[in-house]
Structures are given as C-alpha cells and as structure tokens.
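The block underneath contains the structure these notes are about, expressed in structure tokens.
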Amino acid sequence: LIVYRLCLEKILPQCILQSRSLSGADAISALRPFYFAVHPDFFGQHPKEREVNENSLKRLNGYLENLQKPGFRSFKPTRLTFYVRESEPNSSNVPESFSASGFRAVSFTLCTRDLLSTVLDILNSCSLSTEHVQSLNVNSQSRKEAKTVLNRPIKWDKTYYSFTGFKDPEEELEQAQRVETTLISWLDDNEASAVKKLKKSLPLRKELERLKFELSHHLQLSDIRWQRSWGIAHRCSQLHSLGRLVQQRPEVLKNVKGRTLIFTDRSGMSAAGHIMLGTMDVHHHWTKIFERLPNYYKLQKRMLFLEDRISQLLGGIQVIYIEELQPLLTLEEYYDTLDCFYSKLLDSRLPFHPRSLRGLQMILESDRYAPSLHELGHFTIPTACDPATLQWFIIAKAQEARQNLKRKEEMMITEKELINTSTEKFSLDRLYKEPSVSSVQMIDCCKRLLEESLPYLQGMHLCISHFYSVLQDGDLCIPWNWKS
C-alpha cells in the first residue's frame, strides 16, 4: 500500500510536472510584460513606489530561484506588493489601491510549486495578459487543471495518515497558508544567513567608509549619499570612479565645496540643491555637470527668490521641498513648477493678510488636483489648484496644520530617543528605516521591539521596512508592523 501511494503521489506528479514545466529562461520571457509594468527604472521620479518595487522584485527573484533548485520541496507563502504603471481597470479579485502618484498598488501571495503556475499567478494578479505564455514550449492545458494535478495529492482517508504516521499534505498546505510569519520565527530561520553575509561584507564596509571620508574631506563636501539601496560593492565602485575623476580632472571639482553629492539615476542638480551623479553616466557626463555648477547656483538663487515671492503672496507660508515625500525633480523642473504656480497666483491676487500664515509650510505637486493637509503638518498644493479653493482650504486648515507641525517636532524627538534606546539594548551596529516608513510607524515598531528579548540582533544592521528580507550585505529587514 505504501509503495502504491508513493507511486501515485511522488512519481506520477513529477512526470506530469516535467511535461509542462517552464525553464528559467522561459519564465523570464513570459514575465516581460510584468517587469515592464513594475521595473524600478520607470519610477525614477517616484521614490516610494520605486523602493517598494525594488524590494518586492528582490523577494520575487529569490522565490523563482528556489523553484528552480533541484529537489526543492518546501516552500513558504510569500506576500508581495507592486505598484503597476498601467491605469487600466482591474478585473481580478486581487486587493489593490492607488498611490498618491496614481499608480495601481497590487498585493498577492505566492504559494505555487512550479514556475508555470507562478508566472500565471503573477500575470493574473496584475491584470496582465497570459496569452503569450501559451506560445512557449509548455503543455497548453488550463491552469485550473494543472493546479488540480500538481497541488492536490491523492486523497486518502484520514485514518490512513493516523495509522501510517505519514503527514497529511492537504493539512500541511492549509497550515502553511494559515500561519503568519512572526518576528521570532523569521529571525530563527534567517539569523545564520544574515551573520554570514554580514561577516563577508565587513571588509567592503570599512573600504566604503574610508573612501567616503577621504573624498568628503578632500572635496570639502557636506555629505555623500545614495538615492537607492545599492549594495556595498556597488557603492565602493561608484566612489572609486569619482576618485579617478578627482585625480584626472581636479580643476572641474573646485565648485563642490559645502555641497551634498548624491549617486542616482540621472545627472544634474536636484530641487533640494544637491549635485546628482547618474550611475549609468561616464566621466564625460559627470565632468559637464561639475563645469555647469556656477549656472546651477544662479538658477538656485532665482528659485529661492520665487519661493520667497510665493510666500509673500500667501500670507508668509513657507514653500519647501521634501526629498523623502516628493518626486525626484531636477532644479530646472522644480523651477518651472514654481514659475507656473507663481504666475497663476499673481493673476489671482488672493487677499491673504501679510504674515498671517507664518510658521506654516507647503509643498507643490504637479500631479494632484485637490489640496490636502499632511499628517506631518505641511500643505500639499497642486500647481493646477483653483486660487479660490486654495485660499479657503488653507485658512480652514491653518490651525490643524499648526497642531500637526507641533506634533511632528515631538515625534521626531521621540523617534530619535527610541532608535538610540533600541540600538543600545540590542547591541545593534546600526538601526535605521526606509524612507517610506513614517515616524509614527517607526515609533510603534521600536516600542514593541523594546518589550522583546532578541539576542539574535547583537552586532547586526537592522532596517525597519514593510517586509522581511536579508539584504545581500547582511542587513536584516523586518516590517514595522511585525507580529509577535
């Protein structure tokens, strides 16, 4: 009976799997529409959405790699969230919402055991066509039939499992889908891997700090930063490249004193006044940017003048640009936005009392149509906002905005104290958060962490995020709303 069961449950499904499985290359080909819809490179001006997609793609690639490993049997349901560029109506039953930038947020859980089912799951979840998958070298039977054969073992009476001691596969699958990952269980499973990666990255981390310090000191920079969460090796390579340019053309870097330099997707100067070096650009492009810095500084002065003029027209409210919350704009793009808004205000002549709104803050967004008040206290004003609506909204929400700004200052202090306390208690080498994690979320996370005993964290780098992951250099990522 046992031999017969093994033949039915193990050998037959494997034969069927081999007859209809996708190769790794076929899977990548089938997922091209998906990659095109979510690839982070297409979200350059939307840092939050880009970061979510980057992290989810890393986890998805790990899941696909595991499916291709010989003898791979165990699996853990993986919850993923992507921002999709398409704006077509969603016809699936997958939970979705829209971000502030208008992208469609799609969340789904992968618990499939073969590449074909996984590919179909992903495409269907994102409301993308699956017709092209049938043209690949696979059996064209429907997904429903395939799932019935592959994911549903031979049904035996419950007494069979009680008598033989074998585990009921249906019961195991239900439990796997039911069980939610807890912080302790995830750390148990991933501590060894993180420690190994961290130890391997230590020499490169020291090299990165050395390069950053030497270049900052030599060029008298305020800071060197990275827009994306690139690995340590990638960052070292970028600094080495900058170091070679310093040696070859020292004269072109004479105007960078006191500035912040950011490695990002494109070269220029950012709306915040930082020098941007595109990581895909060659030294020739970087050199042009450094040579144009005097012109950028002149444009920046004109930009500050425009911000001041807008402030005067709106009762003294301060116009600001928040890197963490706004799209990544060049100085030219931001200046054009300000100029357009200023012209509109000048024509309307809104009757704000001078200095009546001093102490308040606002940011400008070109992809919104209605004004709003952020929980951190600043107004988000669309450039296309009707002046009368703008006036009414700001006056009506002014008091609430002041309260939010005061609460923001208190939260910043609390957040900093909790980060320091948590770092000290768990002997962490570093505790930080992703930009998409708010102060409220970080405070809640740290408070709950301090109630736990977590010896696993000693000497580790801990990142508070929206998901569980071990980064390539050993940093541990945990969701801010982790479960105990």
- Could you please spell out the steps behind the side chain to side chain contact (heavy atoms under 4.5 Å, CB included) verdict for Glu375 and Met411? CA-CA 11 Å; Glu375 62 178 5; Met411 279 195 303; over 6 Å; no
- Message: Can you tell me how far apart CG (Leu239) and CG (Leu208) are? Round to the nearest 0.5 Å.
- Response: 6.0 Å
- Query: Can you say whether the rings of Phe393 and Phe379 are parallel (under 30°), tilted (30 to 60°) or perpendicular (over 60°)?
  - Reply: perpendicular
- Query: Is there a donor-acceptor pair closer than 3.5 Å between any side-chain N or O of Asn61 and the backbone N or O of Leu57?
  - Reply: yes
- What one should report as the nearest heavy-atom pair of Ile317 and Ser311 is O-OG, 2.8 Å
- Query: Do the side chains of Val437 and His466 get nearer than 4.5 Å, heavy atoms only?
  - Reply: yes
- Can you see which heavy atom on Val119 is nearest to which on Ala30, and at what distance? CG1-CB, 3.7 Å
- Task: Only counting residues at least two apart or in another chain, list the ones meeting salt bridge (charged side-chain N to carboxylate O under 4.0 Å, His left out) with Glu54.
- Result: Arg228
- Task: Compare all side-chain heavy atoms of Leu80 with those of Tyr63 and state whether any distance is below 4.5 angstrom.
- Result: no
- Query: What's the spacing between Ile310 CD1 and Glu307 CD if we round to 0.5 Å?
  - Reply: 7.0 Å
- Query: Nearest heavy-atom pair of Thr330 and Glu333: which atoms, and what distance?
  - Reply: N-OE1, 3.0 Å
- With a cut-off of 6.0 Å (strictly less than), are more than 12 heavy atoms of other residues, nucleotides or ligands near NZ of Lys212? yes
- Message: If we count only N and O atoms by modelled type, under 3.5 Å, do the side chains of Gln312 and Arg309 hold a donor and an acceptor together?
- Response: yes
- Message: Looking at every non-hydrogen atom in both residues, tell me the closest pair between Leu357 and Leu314 and how far apart they are.
- Response: CD1-O, 3.2 Å
- Task: Kindly determine whether Leu390 and Phe341 satisfy side chain to side chain contact (heavy atoms under 4.5 Å, CB included), including the steps that lead there.
- Result: CA-CA 12 Å; Leu390 172 64; Phe341 186 70; 3.9 Å; yes
- Message: Strictly distance-based, threshold 3.5 Å: is any side-chain N or O of Ser216 a donor or acceptor partner for the main-chain N or O of Phe213?
- Response: no
- Query: Just how far is it from atom CZ of Arg266 to atom CD1 of Ile289, taken to the nearest 0.5 Å?
  - Reply: 11.0 Å
Throw together a table of side-chain donor-acceptor distances under 3.5 angstrom for residues 398-405, partners on residues two or more places apart or in other chains.
residue	atom	partner	partner atom	Å
Arg402	NH1	Arg358	O	2.9
Arg402	NH2	Ser356	O	3.3
Arg402	NH2	Arg358	O	3.3
Asn404	OD1	Arg407	NH2	2.5
Asn404	ND2	His374	O	3.3

- Message: Please identify which of these residues, Leu449, Ile443, Leu450, meets the side chain to side chain contact (heavy atoms under 4.5 Å, CB included) condition with Lys447.
- Response: Ile443
- Message: For the backbone of Ala384 and the side chain of Lys344, can you confirm whether one donor and one acceptor N or O come within less than 3.5 Å of each other?
- Response: yes
- Working to the nearest 0.5 Å, report the span between OG of Ser201 and CD1 of Ile232. 6.0 Å
- Message: Contact between Leu128 and Ile122 at the side-chain level, heavy atoms closer than 4.5 Å - yes or no?
- Response: no
- Option from Arg235, His234, Arg205, His461 for which side chain to side chain contact (heavy atoms under 4.5 Å, CB included) with Asp473 holds: Arg205
- Query: Should Met269 and Asn295 be marked as a side chain to side chain contact (heavy atoms under 4.5 Å, CB included) after you check the CA-CA gap, both sets of side-chain angles, and the distance that decides it?
  - Reply: CA-CA 11 Å; Met269 179 168 279; Asn295 293 330; over 6 Å; no
- Message: Could you report the tightest heavy-atom contact between Phe108 and Cys126, atom names first, then the distance?
- Response: CE2-SG, 4.1 Å
- Message: With a 6.0 Å cut-off (strictly less than), is the heavy-atom count around CH2 of Trp392, excluding the residue itself, greater than 12?
- Response: no
- Task: Supply the atom-to-atom distance Leu245 CG to Thr287 OG1, rounded to the nearest 0.5 angstrom.
- Result: 4.5 Å
- Note on the structure: Residue set satisfying salt bridge (charged side-chain N to carboxylate O under 4.0 Å, His left out) with Arg210, at least two apart, ordered chain then number -> Glu207, Glu214
- Measure the shortest side-chain to side-chain distance between Met460 and Val195 over non-hydrogen atoms and say whether it is less than 4.5 angstrom. yes
- Message: So does Gly278 get a backbone contact from the side chain of Ser267, meaning a donor-acceptor N/O pair under 3.5 Å?
- Response: yes
- Item | Residue Phe305 excluded, over 12 heavy atoms near CZ under 6.0 Å | no
- Do side-chain atoms of Ser185 reach the backbone of Thr181 as a donor and acceptor pair under 3.5 angstrom? no
- Check whether any side-chain N or O of Gln326 sits under 3.5 Å from a backbone N or O of Leu364 as a donor-acceptor pair, and report yes or no. yes
- Hey, are the side chains of Gln391 and Pro351 touching, using non-hydrogen atoms and a 4.5 Å cut-off? yes
- Item | Thr383 OG1 to Asp339 CG distance, which is reported to the nearest 0.5 Å | 12.0 Å
- Task: Evaluate the criterion side chain to side chain contact (heavy atoms under 4.5 Å, CB included) for residue pair Leu431 and Phe426; output intermediate values, then yes/no.
- Result: CA-CA 10 Å; Leu431 173 59; Phe426 301 116; over 6 Å; no
- So, His283 side chain and Ser241 main chain: donor-acceptor pair closer than 3.5 Å or not? yes
- Indicate yes or no: at least one non-hydrogen side-chain atom of Val319 is less than 4.5 angstrom from one of Leu306. no
- Task: Apply salt bridge (charged side-chain N to carboxylate O under 4.0 Å, His left out) to Arg355 and list each qualifying residue two or more places apart in sequence or on a separate chain.
- Result: none
- Is Lys433 salt-bridged to Asp444, going by a charged N under 4.0 Å from an acidic O? no
- Message: In the structure I gave you, are the side-chain heavy atoms of Leu198 and Asp429 within less than 4.5 Å of one another anywhere?
- Response: no
In a table with atom names and distances, give each donor-acceptor pair under 3.5 Å that connects a side chain of residues 253-262 to protein atoms at least two apart or in another chain.
residue	atom	partner	partner atom	Å
Arg259	NH1	Gly273	O	3.1
Arg259	NH1	Gln300	OE1	3.1
Arg259	NH2	Gln300	OE1	3.1

- How about Leu242 and Trp286: do any of their side-chain heavy atoms sit closer than 4.5 Å? yes
- Give the minimum heavy-atom separation between Phe82 and Leu60, together with the two atoms involved. CZ-CD2, 4.2 Å
- Can a cation-pi geometry be assigned to Arg302 and Tyr335, taking NZ or CZ under 6.0 Å from the six-membered ring centre and within 45° of the ring axis? yes
- Note on the structure: The complete set of salt bridge (Lys or Arg N to Asp or Glu O under 4.0 Å) pairs with one or both residues in residues 238-252, sequence neighbours excluded, reads Arg249-Glu251, Arg249-Glu291
- Among Tyr456, Phe467, Trp482, Tyr468, which one satisfies ring pair (Phe, Tyr, Trp, His ring centres under 6.0 Å) with Trp186? Tyr468
